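Comments concern the structure below.
Sequential numbering from 1 along the given sequence is applied to the chain's residues. Here the structure is a predicted model, which means the values were calculated and not measured.
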Amino acid sequence: MTQDNLHRDGDAGRGSHSKFSKDDFINRLRAIRATRWVRFGLVALIYILWVIWMGNPWLLLVLPLLFDIYITSYIPLTWWKSSKSKGTRMLMSWVDAIVYALVLVYFVFAFIGQNYKIPSSSLEKTLLVGDFLWVNKAVYGPRVPQTPLHFPLAQHTLPVVGTKSYSDLIQLDYHRLPGLREVERYDIVVFNAPCADTVALKVPEPDYYHLVELLEQEKGVPDGRAYIAQNPDIFGEVVVRPVDRRENFVKRAVGLPGDRIRIADDIVYINGKPLAEPKYVQHNYIVPVNSPVSPQQWQEAGVTMADAGVGPQTEPSLPYQFYNVPLTAESLAKVRTFPQVAGEIQRLSALTQPLTTGIFPVGEGLGWSLRDMPEFWIPRRGVTLHLTQENLPVYRRAIEAYEGNRVDVKEGRIYINGEPAEYYTFKLDYYWMMGDNRDNSSDSRFWGFVPEDHIVGTPMAVLISFDGEQSGLGAIRWNRILHTANPDK
């Protein structure tokens, strides 16, 4: 609380020298100025509305404490104001201000929104690397913190010291407060990464599950998990993070609960119909050239030098030099006019073998690829699925990791928590998230469904943006300040 909120005007710390009595209580009430009653009334009203939003009447037990802080001052929270030591008064005034600021930030970040920095190009050109976003948590309804004991300015690791920024001694069940609406198709969504529940601290990339698959399938390790645990000098400590303390990802909601989704030749089909691509969707293209393309040309086409590279590449099997660049439809049309282009521009996925390792469902060996996935159903809360050994690999992680069950397969039968199970009713809604920069995005095609309890909010606006290829004031993208964060909605 502020210093003004912790004592009555001109009467700091009096509660520490007074005993409770009826006369003393009445005298305290009479001594309070009208403005102080007004302040208490506003704070109490806001708090009561918050309790109604939370849906937990037990929180009303805090009202007497607020009454004492603003009105009666029996609890000597401001004892230090009457201290004879100037050093004590100065130190405690700083502590008072810092504690108040942290409490305020905690509640704002937990229930209203917070800033988020775009670290990768998975949503280029809709969102740019270096964008700082304001993420609105009230739209879908904020989650009540599942890990309430955490430092509000750090996701999972404290800067400088490198230690955990949270304590998992207290873990609350998932609960989301009422919001304005549900997640809609094409929404850009910030969520906790489903693949970041387990982390090998020295090897954060690839994520733990893809690292296990890499060790087992490409390195010939019999048991990847055991190998990681037995080699902490290589992989570091393996930690399990609570849902709300995992890394934040930002992607576009493509598939909604209850949808049937299929990917064929890079085209996403929802319920049997091809999905219209957002305006700024990019695919990688091979651009054959007879001489280098200048940075200015790339800039005019909306391509960063980081995407274009420092110069054309060479490949012994190809008779030309080429650039491998992500392009929107608009950028592709512009690049086709470059005088250096020496042949047909083709999509990269049409020239390469499809990637089948590391693809959802991870470790199940189904042979799915980034550009081709057979049709499957996205789980919806309250809907029952007929489980078979053919579809279990698609839903096993959702049933086990996200909904807290144990799944076993014995003698051709599926068991859930030790009981034979032919059907399973899902407890959560799930989403299929993809990046707009389709060939450069770690998204649901790699790690699968996003449970509703992982969803943080939706970005509303770009607060400020910095171009890493520039310096000084030139690095500020002035045209993106307060720019909408989701132009397709």
Aromatic rings Phe235 and Tyr227: how do their planes relate, parallel, tilted or perpendicular, breaks at 30° and 60°?
perpendicular
Do NZ/NE/NH1/NH2 and the carboxylate oxygens of Asp429 and Arg381 come within less than 4.0 Å?
yes
Might you work through the side chain to side chain contact (heavy atoms under 4.5 Å, CB included) test for Glu237 and Val199, ending with a clear yes or no?
CA-CA 8 Å; Glu237 181 186 2; Val199 182; over 6 Å; no
Under 3.5 Å: donor-acceptor pair, side chain of Trp368, backbone of Pro374:
no
What's the spacing between Asn248 CG and His454 NE2 if we round to 0.5 Å?
11.0 Å
Can Ser122 and Asn437 be said to form a side chain to side chain donor-acceptor pair (under 3.5 Å), step by step?
CA-CA 5 Å; Ser122 66; Asn437 195 355; over 6 Å; no
Relative to the ring of Trp50, is the ring of Tyr47 parallel (under 30°), tilted (30 to 60°) or perpendicular (over 60°)?
tilted
Close side-chain approach of Phe466 to Phe132, heavy-atom, < 4.5 Å
yes
Evaluate the side chain to side chain contact (heavy atoms under 4.5 Å, CB included) criterion for residues Val99 and Leu102: first the C-alpha distance (whole Å), next the side-chain angles of each, then the deciding distance (0.1 Å), finally the verdict.
CA-CA 5 Å; Val99 169; Leu102 288 177; 5.9 Å; no
Please walk me through it: do Phe109 and Phe107 pass ring pair (Phe, Tyr, Trp, His ring centres under 6.0 Å)?
CA-CA 6 Å; Phe109 279 14; Phe107 274 89; over 10 Å; no
When rounded to the nearest 0.5 Å, the distance separating CD of Glu247 from CZ of Arg241 is 6.0 Å
If you draw the axis of the six-membered ring of Tyr269, does the NZ or CZ of Arg262 fall within 45° of it and under 6.0 Å from the ring centre?
yes
Can you measure from CD1 (Ile345) to CG (Leu327) and round to the nearest 0.5 angstrom?
7.5 Å
Residues Arg480 and Thr126: closest non-hydrogen pair is NH2-O, 3.4 Å
Are Asn192 and Gln155 packed together at the side-chain level, in the sense that at least one heavy-atom pair is separated by less than 4.5 angstrom?
yes
Please find the pair of heavy atoms, one from Trp447 and one from Ser442, that lie closest to each other, and give the distance.
NE1-OG, 3.2 Å
Quick check against the 3.5 Å criterion: does Asn56 have a side-chain atom that pairs as donor or acceptor with the backbone of Trp58?
yes
Which atoms form the tightest heavy-atom contact between Ile267 and Pro274, and what is the distance?
CG2-CB, 4.1 Å
Check against side chain to side chain contact (heavy atoms under 4.5 Å, CB included), Met54 and Leu177:
CA-CA 6 Å; Met54 290 283 287; Leu177 303 182; 3.7 Å; yes
Residue among Thr198, Ile228, Val221 satisfying side chain to side chain contact (heavy atoms under 4.5 Å, CB included) with Val212
Ile228
Regarding Lys219 and Glu216, does a basic nitrogen lie under 4.0 Å from an acidic carboxylate oxygen?
no
Any donor-acceptor N/O pair, Arg347 side chain to His283 backbone, under 3.5 Å
no
Can you say whether the rings of Phe360 and Phe449 are parallel (under 30°), tilted (30 to 60°) or perpendicular (over 60°)?
perpendicular
Test side chain to side chain contact (heavy atoms under 4.5 Å, CB included) applied to Ser465 and Asp131, step by step:
CA-CA 4 Å; Ser465 182; Asp131 281 353; 2.5 Å; yes
Inspect the contact between Arg438 and Asp443 and indicate whether a charged nitrogen and a carboxylate oxygen are less than 4.0 angstrom apart.
no
Looking at Phe111, does the NZ or CZ of Lys137 lie under 6.0 angstrom from its six-membered ring centre and within 45 degrees of the ring axis?
no
Any salt bridge between Asp436 and Arg252, counting N to O under 4.0 Å?
yes
Measuring only between side-chain heavy atoms, which start at C-beta, is Arg380 closer than 4.5 Å to Tyr430?
no
salt_bridge(Lys251, Asp187) N-O dist < 4.0 Å:
no
Any side-chain heavy atom of Asn405 sitting closer than 4.5 Å to one from Lys427?
yes
Check: Asp207 main-chain N/O paired with His210 side-chain donor or acceptor under 3.5 Å
no
So, do Pro420 and Ile414 sit near enough that their side-chain heavy atoms are less than 4.5 Å apart?
no
Shortest non-hydrogen separation from Ala485 to Leu133 and the atoms involved
CB-CD2, 4.4 Å
Nearest-0.5 Å distance, CG of residue Leu482 to CH2 of residue Trp134:
13.0 Å
Please find the pair of heavy atoms, one from Leu370 and one from Ile263, that lie closest to each other, and give the distance.
O-CG2, 3.9 Å
Using modelled atom types and a 3.5 Å cut-off, is there a donor and acceptor pairing between side-chain atoms of Asn391 and backbone atoms of Thr388?
yes
So how far is it from Asn440 CG to Asn284 CG, rounded to the nearest 0.5 Å?
4.5 Å
Quick one: does Ile399's side chain get under 4.5 Å of Tyr402's, heavy atoms only?
no
When you compare the side chains of His483 and Arg477, does any donor N or O come within less than 3.5 Å of an acceptor on the partner?
no
Within the side chain of Asp68, is there an N or O that forms a donor-acceptor pair under 3.5 Å with the backbone of Ile75?
yes
Looking at Arg225, is its backbone amide N or carbonyl O close enough to the side chain of Asp223 to form a donor-acceptor pair, meaning the two atoms are under 3.5 Å apart?
yes
List the steps, then state whether ring pair (Phe, Tyr, Trp, His ring centres under 6.0 Å) holds for Tyr423 with His386.
CA-CA 5 Å; Tyr423 297 90; His386 180 212; 4.9 Å; yes
Taking Tyr395 for its side chain and Trp377 for its backbone only, find out whether a donor-acceptor pair lies under 3.5 Å.
yes
I'd like to know if Asp408 and Lys410 make a salt bridge, using a cut-off of under 4.0 Å between side-chain N and carboxylate O.
no
Does CD belonging to Glu330 count more than 12 external heavy atoms closer than 6.0 Å?
no
Main chain of Gln146, side chain of Asp244: is a donor-acceptor contact present, judged purely on distance under 3.5 Å?
yes
To check you understand the geometry: which heavy-atom pair defines the closest contact between Phe249 and Cys195, and what is its length?
CE2-SG, 4.2 Å
Any chance CD of Gln217 has more than 12 other-residue heavy atoms, nucleotides or ligands included, within less than 6.0 Å?
yes
For Glu400, look at atom CD and say whether over 12 heavy atoms of other residues, nucleotides or ligands are found less than 6.0 Å away.
yes
Does the side chain of Thr458 reach to within under 4.5 Å of the side chain of Tyr140, using non-hydrogen atoms?
yes
State plainly whether the residues Arg260 and Glu375 are in salt-bridge range, i.e. N to O under 4.0 Å.
yes
Side chains of Arg176 and Tyr174 only: does a donor on one sit below 3.5 Å from an acceptor on the other?
yes
With a 4.0 Å cut-off on N to O distance, would you call Arg397 and Asp197 a salt bridge?
yes
How many angstroms lie between CG in Leu149 and CD1 in Ile170, if you round to the nearest 0.5 Å?
4.5 Å
With a 4.5 Å cut-off on side-chain heavy atoms, are Tyr106 and Phe151 touching?
no
Atom CG of Asp173 with >12 non-hydrogen neighbours under 6.0 angstrom
no
